[in-house]
Engineer: 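Sharing a structure with you now.
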Amino acid sequence: MSRIRFIIALAASILFIFFCFHWKPWEAIFVFRMRPLLVTLTIFAIIFASYGRSGGLWAKIQRIPMKLWAGAVMALTFIASVVLAYGPLEGLPHVPDDICYLFQATTFSEGRLYADSHPLREFFHLLFMINDGKWYSLFQPGWPALLALGVFIKLPFIINPALAALAVYLTYLIGMRALGEEKTRLGLLLVLFAPIHTSIPATLLAHPISLVLTLASMLITMKMLEEEKPAYTLGLGALSGLLFATRIWNAVILCAMLTPFLLWMLFAKKVRLRILALGLLPFLLLAGLQLAYNHHLTGNAFEWPQDRYFDTTEPKKHCHRPGFGKNVGCPNVHPGEDFPEGYGFKDALRVTHTRLGTFLLIVYGWNFLFFFVVIPFLTRRSGPWKYYLLAAFLALIAGYFSFYFHGLWGRYYYESFTLLMLLTAAGMIDLRDILLDRFSDAGKWAKRAIKSIVPAFVTAFVVFNVYFFFAGTMGLLGELFFGIDARLERMLHYFPEKSVVFMERWYATGFIFMTPDWEQNKILFVHDMGRQNKQMMQFHPDWNFFSYDPKENKVRKLEKDEIDTSTDSIFLEGENKVPIMFSSGEYSYAWPLEKDDDGAKISGGMLFQFVADGKDSWAAFDQFVFDEGNYRIKIRYLAQDIAGNCLLDIDGKVLSPQLDGYSEKKKLIDWISDDTIHLTRGQHRFTLHVTGKDTRSAQHRISIDHVEIIKENRQDSLE
């Protein structure tokens, strides 16, 4: 490499490295953190002083057969992830993604694509779950379909560790082709002790299967250079198609990365067009299955479940998507990363900076080791395949640069981390060899110091991550994620069969112990909705009822004399119908308000707020009625200077009078239907139709405090 090219490559690498760290660039001068630096220096001194023995040990490690080495790393990866999953994490899902994936996998294991919602569905609302009569998660089906195998054998948490072990094997095959035995051996050791590789497979996230599909696709393309086989292109199409049905944006990124390489192979006559085109068949088949899945759940092949969810829970339509603009960025799901002016280039820089910083922290434990990645690109020692390995990492950075959904850490780049470990190992060995060549005439002690670099850094990497990660971070995982641990599982025996447990908070803690078929659950864990709990008691009048606070681990049995199971009236808080799953497309949300301008208190402290666009806007919810009879409807709503007028219809029958929304000041108003309506036992659709607004009103907003459905024979309830 010429001196000018070397300087340009070095400068570009340094700028990129500085950007990757989640600290100020000048902190790189101080190697970021003192503890791992001191550990490394101490270990370096020990290895240098005892090089006769430590060097011999390192030489013996190099003589272990490579297949045995790879097999040992695979086995230890699997064991470590399983121990973590069933140890500190107690074999329980701890984050919303895990919970939803397990729910969907359990549904698939029962031979269904979705579960049926409970008739009182608002008692079961959960983040990232769609609950509109069909009950399913917003996530794609590829990973839950595989996870269903683990559910079937009652060991769901072993699937990801098995995939992590498979990823090690694929990394071994790629490394041997790209970098050779010594660098691959060291790279696999770094993979084994990388914090991210034990922690993510201990969860139920979809990243391990995405990693396997990415590595397998890259391996196949490398093999295609050696031999043209239809099986290779068919396999590549199947792998990318399965990735499309698992994490679609990862599939787009992978295809964008591989396409130039495949086109080069085509024009270089390494592969024929008709052979390459074979890969489209399995890809289109699997992509078609994803579209069929969409159609079965949402009624539209091109309306994804995530669109169905976010379009009802966010003020911006189609906000959860790649790109830039005013409508990109969902403020509710991650309020810490709200983009009120839309998601722009500067926002993308900031988000990418955060992602890379957290990614490197959980890959290396000590981010300084990322500096070794640049070394192979300043020399020809590691061969041309190093660019292919780096391309996977850069493609993920570029692909997710325009994708706002930041999460809290850099897991979006996980699919490239084993390749990054190979490059890190290559950098360590290349640096050693460069220094040995440069100082070939140096004395014995200088050469010993140079030869101590690799074992010192690797040993420090292992020691520091075992100490810092396993002893520290993992202990926190089982305690901090949404309060989920095995406390509730250990006390399940306290609840007899046919029990309803009202969860005061941390509802996900109880949700994970139910199956998707609510009729088969002997214990139902539901949201505590205060006065509205009566509905659940009316639905299950012969069951036992408990109030449970998972945070304090306190349970209280509700005695029969505390429970009014009369079905003459139904009470519902307006905010409990949020999110509204049926509307003309506008946004609804729960609006906190304590009282109106006259001091009248809001029931529950929240209102159902429907941000209507104008006349002919509508919002609807389903409500279960217990006994057949004639009912009158009573609504308490908030009149204000931004409110519109609306009419209520039930199952298509319009009830009068109109709800007049305008008031100069905020004022709670009780509306009672003039006529009664005959309702049978079962679900009924309540729809609010916006009919216009007072000329003085600034908007068409509708705000509902609560609704009562009262049997005609209960006249005293109307007074």
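The basis for the numbers below is simple: all heavy atoms, side chains too, and nothing from hydrogens, waters or symmetry mates.
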Engineer: Testing the basics here: between F372 and T424, what is the closest heavy-atom pair and its distance to 0.1 Å?
Structural biologist: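 For F372 and T424, the tightest heavy-atom pair comes out as CB-O, 3.8 Å.
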Engineer: Using only atom types and a distance under 3.5 Å, with no angle test, would you say the side chain of D97 pairs donor to acceptor with the backbone of L204?
Structural biologist: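 Not at all, since once roles are kept as given, no pair shorter than 3.5 Å links the two residues.
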Engineer: Could you tell me whether a side-chain N or O of W69 sits under 3.5 Å from a main-chain N or O of R185, the two making a donor and an acceptor?
Structural biologist: yes
Engineer: Evaluate side-chain contact (heavy atoms from CB on, under 4.5 Å) for S210 paired with L243, printing each intermediate quantity in order.
Structural biologist: CA-CA 6 Å; S210 300; L243 188 57; 3.8 Å; yes
Engineer: Out of curiosity, D430 CG to K183 NZ, how far, rounded to the nearest 0.5 Å?
Structural biologist: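 With rounding to 0.5 Å, CG (D430) is 3.5 Å from NZ (K183).
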Engineer: Would you find a donor on one side and an acceptor on the other, under 3.5 Å apart, between the side chain of N465 and the backbone of V462?
Structural biologist: no
Engineer: For Y101 and F139, I'd like to know if the aromatic rings sit close, meaning centre-to-centre distance below 6.0 Å.
Structural biologist: yes
Engineer: Using 30° and 60° as the class limits, which term best fits the ring planes of Y388 and W385: parallel, tilted or perpendicular?
Structural biologist: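 Rings of Y388 and W385: perpendicular, over 60°.
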Engineer: How close do F44 and A449 get, counting heavy atoms only, and between which atoms?
Structural biologist: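 That closest heavy-atom pairing would be CE1-O, 3.4 Å.
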Engineer: Once you measure the plane-to-plane angle for F261 and W264, does it fall in the parallel (<30°), tilted (30-60°) or perpendicular (>60°) bin?
Structural biologist: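 Correct class here is parallel.
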Engineer: Locate the shortest heavy-atom distance separating T246 from G142; write the atom from each residue and the value.
Structural biologist: OG1-CA, 3.5 Å
Engineer: Are any side-chain N or O atoms of S416 and backbone N or O atoms of Y413, one a donor and one an acceptor, separated by less than 3.5 Å?
Structural biologist: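 Present.
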Engineer: N160 side chain to T203 main-chain N or O, any donor-acceptor pair under 3.5 Å?
Structural biologist: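 Indeed, once roles are kept as given, a pair shorter than 3.5 Å links the two residues.
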Engineer: Any heavy-atom pair between the side chains of T358 and R411 that's under 4.5 Å?
Structural biologist: no
Engineer: Would you mind telling me which of L188, T198, L192, V82 makes a side chain to side chain contact (heavy atoms under 4.5 Å, CB included) with T77?
Structural biologist: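 Going through the options one by one, the only one that passes is L192.
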Engineer: Can you give me the closest heavy-atom contact between G187 and A425, atom names plus distance?
Structural biologist: N-CB, 3.4 Å
Engineer: If I compare all heavy atoms of E415 with all of L211, which pair ends up nearest, and what's the gap?
Structural biologist: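 Taking E415 first and L211 second, the nearest heavy atoms are O-CD1, 3.3 Å.
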Engineer: Could you state the interatomic distance from NZ (K67) to CE (M176), rounded to the nearest 0.5 Å?
Structural biologist: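 Reported to 0.5 Å precision, the distance equals 9.0 Å.
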Engineer: Do the charged groups of K223 and E227 touch, with an N to O distance under 4.0 Å?
Structural biologist: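 Looking at K223 and E227, the cut-off is not met.
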Engineer: Decide yes or no on ring pair (Phe, Tyr, Trp, His ring centres under 6.0 Å) for F283 and F244, but give the supporting numbers first.
Structural biologist: CA-CA 8 Å; F283 177 83; F244 181 91; 5.8 Å; yes
Engineer: Nearest 0.5 Å, please: how far is OG1 in T171 from CG in L190?
Structural biologist: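 Result: 11.5 Å between the selected atoms.
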Engineer: How about M421 and F417: do any of their side-chain heavy atoms sit closer than 4.5 Å?
Structural biologist: yes
Engineer: Does the S382 side chain pair with the main chain of P376, one donor and one acceptor, at a distance under 3.5 Å?
Structural biologist: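 Not at all, since once roles are kept as given, no pair shorter than 3.5 Å links the two residues.
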Engineer: When rounded to the nearest 0.5 angstrom, what is the spacing between OH in Y232 and CG in L276?
Structural biologist: 15.0 Å
Engineer: Quick check on side chain to side chain contact (heavy atoms under 4.5 Å, CB included): which of V373, L423, L420, L419 does F393 satisfy it with?
Structural biologist: L420
Engineer: Please find the pair of heavy atoms, one from P96 and one from F128, that lie closest to each other, and give the distance.
Structural biologist: CB-CD1, 3.7 Å
Engineer: Return yes if some donor-acceptor pair links the side-chain N/O of Q140 with the main-chain N/O of Q290 below 3.5 Å, else return no.
Structural biologist: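 It does not hold such a pair.
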Engineer: Quick one: do L389 and L179 satisfy side-chain contact (heavy atoms from CB on, under 4.5 Å)? Show the steps, please.
Structural biologist: CA-CA 10 Å; L389 305 186; L179 299 172; 4.0 Å; yes
Engineer: S81 side chain to P161 main-chain N or O, any donor-acceptor pair under 3.5 Å?
Structural biologist: no
Engineer: Could you walk me through whether F401 and F345 satisfy the ring pair (Phe, Tyr, Trp, His ring centres under 6.0 Å) test, starting with their C-alpha distance in whole Å, then the side-chain angles of each, then the deciding distance to 0.1 Å, before giving a yes or no?
Structural biologist: CA-CA 9 Å; F401 185 81; F345 187 82; 5.3 Å; yes
Engineer: What distance separates M66 CE from Y172 OH, expressed to the nearest 0.5 Å?
Structural biologist: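 Reported to 0.5 Å precision, the distance equals 6.0 Å.
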Engineer: Are R272 and E228 ion-paired here, with the side-chain N under 4.0 Å from a carboxylate O?
Structural biologist: yes
Engineer: Using distance alone, with no hydrogens and no angle criterion, decide if Y414 and N250 have a side-chain donor and acceptor under 3.5 Å apart.
Structural biologist: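 No pair is found: no donor N or O on one side chain lies under 3.5 Å from an acceptor on the other.
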Engineer: Could E182 and R432 be called an ion pair, given the rule that one side-chain N must be under 4.0 Å from one carboxylate O?
Structural biologist: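 Yes, charged N to carboxylate O under 4.0 Å.
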Engineer: So, does S440 use its side chain to make a donor-acceptor pair with the main chain of L436 at under 3.5 Å?
Structural biologist: no
Engineer: Give a yes or no on whether the backbone of G399 and the side-chain of W249 come within a donor-acceptor separation of less than 3.5 Å.
Structural biologist: yes
Engineer: Is the OH atom of Y169 crowded by more than 12 outside heavy atoms at less than 6.0 Å?
Structural biologist: no
Engineer: Between S402 and Y343, is any side-chain donor less than 3.5 angstrom from a side-chain acceptor?
Structural biologist: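 No, because no side-chain N or O of S402 sits under 3.5 Å from a partner of the opposite role on Y343.
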Engineer: Is the closest basic N to carboxylate O distance between R381 and D437 below 4.0 Å?
Structural biologist: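 Judged by the 4.0 Å cut-off on N to carboxylate O distance, R381 and D437 do form a salt bridge.
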Engineer: Can you tell me how far CZ of F403 sits from CG of L396, rounded to the nearest 0.5 angstrom?
Structural biologist: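 Rounded to the nearest 0.5 Å, the CG-CZ separation comes out at 13.0 Å.
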Engineer: Test the K386-F377 pair against the cation-pi criterion, namely NZ or CZ under 6.0 angstrom from the six-membered ring centroid and within 45° of the ring axis.
Structural biologist: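 Ring-cation test returns yes.
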